[in-house]
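Structure first, then comments.
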Amino acid sequence: MASKLLLTITYLSFSILFGVSVSTTSHHSHPPTTTNYKPNLLVLPVHKDPATGLPWAHVHKRTPMTLVPLLLDLNGNHMWINCQTHYASRTYQAPSCHSTQCSTATTTQTCHTCVGSSLPRPGCHNNTCALMSTNPITKQIVVSELAQDVLAINAAANNGPRLGPTVSDPQFLFSCAPASLVQKGLPNKVEGVVGLGHGPISLPNQLASHFGLQRQFTLCLSRNPTSTGAVLFGDPQKLFGYTNKKFDLSRDLLYTPLTVSPQGEYYMEINSLRINGRSVFPVSPSSSSLLSSSLYSPSGMLGATLISTTAPYMVLHHTIFETFRQVFGKQFPMQGQVNAVAPFGLCYDSKRINNAKPPSVDMVVKVEKSRREVSWSISGDNLMVQARPGVTCLGVVNGGTNPRAAIAIGTRQLEEKVVVFDLVKSRVGLSSSLCSRGRSCSDLFGFANKS
Ligand SMILES: *[C@@H]1O[C@H](CO)[C@@H](O)[C@H](O)[C@H]1NC(C)=O
């Protein structure tokens, strides 16, 4: 069974590599489901879209079971899917606006009306529960219908991190959005978004409640679009012990407090941001107005740093970005600089910086239960991006004067690292680059040697 799934994954990697087009929503698979099996760790394989650099995953849903490709949004508060086209399922249900499912999903409990059509279909019923769904790239918001249908996911195999039996939640809640919500900004063929945020019906929360898992999930994103990364739901300790006796991942994790915003988004607090030891944040006293601005919310945290999987690169507030670019530019061979390629602000002739090691960028964070400061470094491939052949750019972009957060860490900075979101202890665990130890997300989860 596991090999059948892996075959699918391999096939998809192959499709991406060679541009074979797959009609993903009509691509049925029939993973056998085990009902009496109680998993303690679930695995969702994750891929990288080569065009946008964003992570996506196939979620098993509906009856008959179908693979639905969805963008992974760390800060999304529920799963939403385009139900207007290709949605066929014998088990689809739309809870009413007076149901307990509706009060679980939303505090507003508004009744949904489908005006466009008199023919009921998934996403289009009257007196169902209305939910707001957001496209995290375009920020478009639409009213959608709360829906309930089967969701299946792989348990981790008993003997390690590989894919084990498929388990299912027959009453998984999500929202059914119109096709217009997927038309812009999302990776090609993606049919919606899977939210990992801290909302009552986000994927981690529903899986934890249904399967009785520990309220933790772990992200490991692959850099290479032909490799597979994963999100693990549950306590990852077992996996870390198993991974490699010589390489104990749990010892490599740096834990810092995790703050969840009222919208369910994940922030960590940084004390400073340094390039080769030089501080670029907090900025000089002249920009203290920036420091006191509401940008540093939630709860007025000074160095609130959003962790995002829908921003391909790190996004900095304009003032921090300008300082960052100046300091970085002075530290790295100026003679190699070439005209910047959008969306980047600092680019180099790849040949001229070939052997030069870019300065290390350190995010200084607070360590749990102590006043000690420790830094989490971003270097090499997590920092530099090949923007086009022969041009390498600093993978940091200017977020303007009104970004969502003063500092947002993007997917590039998270790749080939293990990031644990521990909601029990309100902390986030960050590993150093697996590549520096000759490892990758793909081999950590046993995907590498199967394809
Ligand atoms: C929902 O109600 C509206 C008006 O109240 C009606 O025009 C529409 O046809 C109904 N839709 C469905 C799917 O029953």
Side-chain angles (χ1 to χ4, degrees), residues 23-29 56 58-71 73 76-152 168-195 197 199-203 205-206 209-210 263-264:
S23 170
T24 26
T25 40
S26 58
H27 186 149
H28 289 207
S29 79
W56 63 276
H58 262 139
V59 173
H60 299 270
K61 287 189 98 270
R62 310 172 196 174
T63 309
M65 202 61 82
T66 305
L67 289 174
V68 187
L70 301 174
L71 175 72
D73 181 4
N77 59 21
H78 61 265
M79 177 187 290
W80 64 259
I81 293 174
N82 160 23
C83 290
Q84 200 171 341
T85 40
H86 319 298
Y87 201 108
S89 175
R90 282 198 306 274
T91 43
Y92 182 91
Q93 282 185 302
S96 94
C97 42
H98 308 293
S99 63
T100 47
Q101 290 98 317
C102 190
S103 54
T104 303
T106 158
T107 49
T108 49
Q109 267 185 282
T110 332
C111 296
H112 182 255
T113 308
C114 188
V115 278
S117 146
S118 53
L119 207 64
R121 55 157 180 86
C124 184
H125 295 94
N126 283 340
N127 297 315
T128 49
C129 178
L131 215 57
M132 295 303 217
S133 298
T134 310
N135 177 321
I137 313 294
T138 60
K139 312 288 179 221
Q140 186 190 353
I141 299 173
V142 295
V143 180
S144 52
E145 173 174 281
L146 178 69
Q148 186 174 293
D149 207 342
V150 184
L151 174 126
S168 67
D169 177 350
Q171 297 180 320
F172 186 83
L173 295 170
F174 61 102
S175 90
C176 246
S180 60
L181 200 59
V182 294
Q183 275 155 10
K184 282 194 191 125
L186 303 182
N188 222 349
K189 297 207 171 70
V190 151
E191 286 292 323
V193 168
V194 47
I201 62 161
S202 73
L203 183 63
N205 278 338
Q206 284 196 74
S209 311
H210 186 79
Q263 291 76 35

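Each ligand, and each atom within it, is numbered from 1 in the order the structure gives. Index from 1, following the sequence.
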| Can you check side chain to side chain contact (heavy atoms under 4.5 Å, CB included) on S133 and H78, steps first, answer last? | CA-CA 8 Å; S133 298; H78 61 265; 3.2 Å; yes
| query | Between C124 and Q84, is a side chain to side chain contact (heavy atoms under 4.5 Å, CB included) present by the stated rule, with each step listed? | reply | CA-CA 8 Å; C124 184; Q84 200 171 341; over 6 Å; no
Between [X] and ligand 1, is there a nitrogen or oxygen pair with a distance under 3.5 Å?
X	result
N126	yes
S117	yes
C114	yes

| query | Among protein heavy atoms, which lies nearest atom 7 (O) of ligand 1, and at what distance? | reply |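 Closest protein heavy atom to atom 7 (O) of ligand 1: V115 O, 4.5 Å.
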| said: For atom 9 (O) of ligand 1, what is the closest protein heavy atom, and at what distance to 0.1 Å? | reply: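 Protein heavy atom with the smallest distance to atom 9 (O) of ligand 1: S118 CA, 3.3 Å.
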| task | Scan side-chain atoms only and decide if T113 and N126 contain a donor-acceptor pair under the 3.5 Å cut-off. | result |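 No, no side-chain donor-acceptor contact under 3.5 Å.
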| Is any heavy atom of the protein nearer than 4.0 Å to atom 4 (C) of ligand 1? |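 Looking at atom 4 (C) of ligand 1, one finds that no protein heavy atom lies closer than 4.0 Å.
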| Can you name the closest pair of heavy atoms from L181 and A177 and give their distance? |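 Shortest heavy-atom contact: CD2-CB, 3.8 Å.
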| query | Would M79 and V193 count as a side chain to side chain contact (heavy atoms under 4.5 Å, CB included) if you check the C-alpha gap in whole Å, the side-chain angles of each, and the deciding distance to 0.1 Å? | reply | CA-CA 6 Å; M79 177 187 290; V193 168; over 6 Å; no
